[in-house]
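For clarity, every value in this text was computed on a predicted model and none was experimentally measured.
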Amino acid sequence: QQVLEVVDASLDTLDELWKQEDHSSYPQARMEHLFHIIGAALSRYVQKQLSQLDIWVGSNAQTKEKIRIGATICERWTNVCSQLTDTYWKRFDLHPWKGDKYVPQQVEKLSERLNEILRIRLIYDQLSRLLSPGERQFIDAQSAFKPFENVKAVHYNPFTQPIWQSAVNQFSKIIEP
């Protein structure tokens with residue numbers, strides 16, 4: 001929760017930095033770099049917090065809530081960047097933002113991954129409730145989540161995406177009727 005407060009507070013702080021008039025204007029390239037650095041730090045924080053959890057075992061409500069909070073942190077940072085560069089600064093006459101809004105790609109992709117993990121867990125949990133005990137024995141958590149066994153699900157980067165997608169496809173085949 002404290003991290004969410006920091007992310008929210010960063011909007012005002014960065015806005016003041018961009019709009020300050022005591023010194024020369026803050027360069028756009030430097031602000032983009034600052035956005036990237038903050039986003040990378042938030043991503044590492046979320047990944048570190050979540051990598052300590054076994055996200056595939058049981059239906060632990062606390063684990064799911066931590067994943068939701070991680071996704072929310074990422075989404076809030078993406079929204080801060082969007083608000084500042086697309087809403088606030090585009091219309092700021094003294095020092096307008098030029099070009100497209102800034103999108104923190106790494107943070108956005110991590111958020112997508114975390115939401116996908118939650119969807120996979122939700123699908124499994126719903127399926128477990130709908131199946132009879134006899135049917136459930138064929139799709140227990142250990143076998144359903146086996147494709148994710150050696151995948152660091154909360155560590156998104158473009159190089160791990162094919163491995164992740166393969167695990168998701170295998171999971172889909174396992175739960176097929």
Side-chain angles (χ1 to χ4, degrees), residues 1-56 62-123 148 150-169 171:
Q1 296 294 34
Q2 291 175 339
V3 175
L4 288 171
E5 291 172 16
V6 170
V7 171
D8 291 340
S10 70
L11 184 135
D12 293 331
T13 305
L14 292 167
D15 190 41
E16 287 178 27
L17 177 61
W18 185 259
K19 292 179 177 177
Q20 61 81 26
E21 296 175 12
D22 297 336
H23 305 282
S24 60
S25 297
Y26 200 84
Q28 184 167 329
R30 194 168 181 191
M31 184 60 79
E32 289 174 352
H33 185 68
L34 184 56
F35 284 151
H36 176 75
I37 290 170
I38 294 170
L42 289 169
S43 292
R44 282 191 305 276
Y45 171 81
V46 167
Q47 290 171 335
K48 183 177 182 190
Q49 297 300 308
L50 296 179
S51 66
Q52 299 169 5
L53 306 173
D54 189 346
I55 59 175
W56 305 114
Q62 285 180 326
T63 298
K64 291 175 189 169
E65 183 59 22
K66 288 179 180 180
I67 296 169
R68 269 189 214 95
I69 290 169
T72 300
I73 290 169
C74 294
E75 289 161 6
R76 288 245 185 109
W77 178 245
T78 301
N79 288 339
V80 164
C81 294
S82 178
Q83 270 186 291
L84 290 172
T85 61
D86 197 40
T87 306
Y88 293 14
W89 299 344
K90 278 237 192 251
R91 296 175 186 88
F92 185 60
D93 291 335
L94 297 175
H95 182 34
W97 185 266
K98 294 175 178 76
D100 295 333
K101 68 181 178 180
Y102 179 83
V103 178
Q105 294 292 323
Q106 179 71 18
V107 176
E108 189 175 61
K109 295 295 185 185
L110 177 58
S111 174
E112 290 171 9
R113 171 74 60 87
L114 297 177
N115 284 314
E116 191 170 14
I117 291 168
L118 289 171
R119 277 191 301 277
I120 289 168
R121 287 301 321 243
L122 179 65
I123 289 168
F148 302 104
N150 296 316
V151 177
K152 294 182 179 183
V154 298
H155 290 276
Y156 171 84
N157 71 54
F159 304 108
T160 62
Q161 186 59 20
I163 297 166
W164 169 256
Q165 200 53 56
S166 174
V168 170
N169 292 341
F171 169 78

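Across all non-hydrogen atoms, the minimal contact from Arg113 to Ala153 is NH1-O, 2.9 Å. Taking all atoms of both residues into account, the shortest heavy-atom contact from Trp89 to Leu14 is CZ2-O, 3.4 Å.
Residues Ser111 and Glu75 have side chains that bring a donor and an acceptor to within less than 3.5 angstrom of each other.
When the shell of 6.0 Å around NZ of Lys48 is examined, it contains 12 or fewer heavy atoms from other residues, nucleotides or ligands. Counted within 6.0 Å of NE2 on His155, heavy atoms from surrounding residues, nucleotides or ligands total more than 12; the atom is thus considered enclosed. The neighbour count for Phe171 CZ, taken as heavy atoms of other residues, nucleotides or ligands under 6.0 Å away, is above 12. Counting heavy-atom neighbours within 6.0 Å of Asp54 CG, excluding the residue itself, gives a total above 12.
Looking at Leu110, Val7, Ile37, Val6 one by one, the single match for side-chain contact (heavy atoms from CB on, under 4.5 Å) with Leu42 turns out to be Val7. No option in Trp97, Tyr26, Phe92 other than Trp97 meets the ring-ring contact (aromatic ring centres under 6.0 Å, His included) test with Trp18.
For the pair Val46 and Val3, the minimum side-chain heavy-atom distance is 4.5 Å or more. Side-chain contact between Val168 and Gln165: present, with at least one pair of heavy atoms (C-beta onward) separated by less than 4.5 Å. By the 4.5 Å heavy-atom criterion applied to side chains, Thr160 and Lys152 are not counted as neighbours.
The line from CD of Glu116 to CG of Leu122 is 13.0 Å long, rounded to the nearest 0.5 Å.
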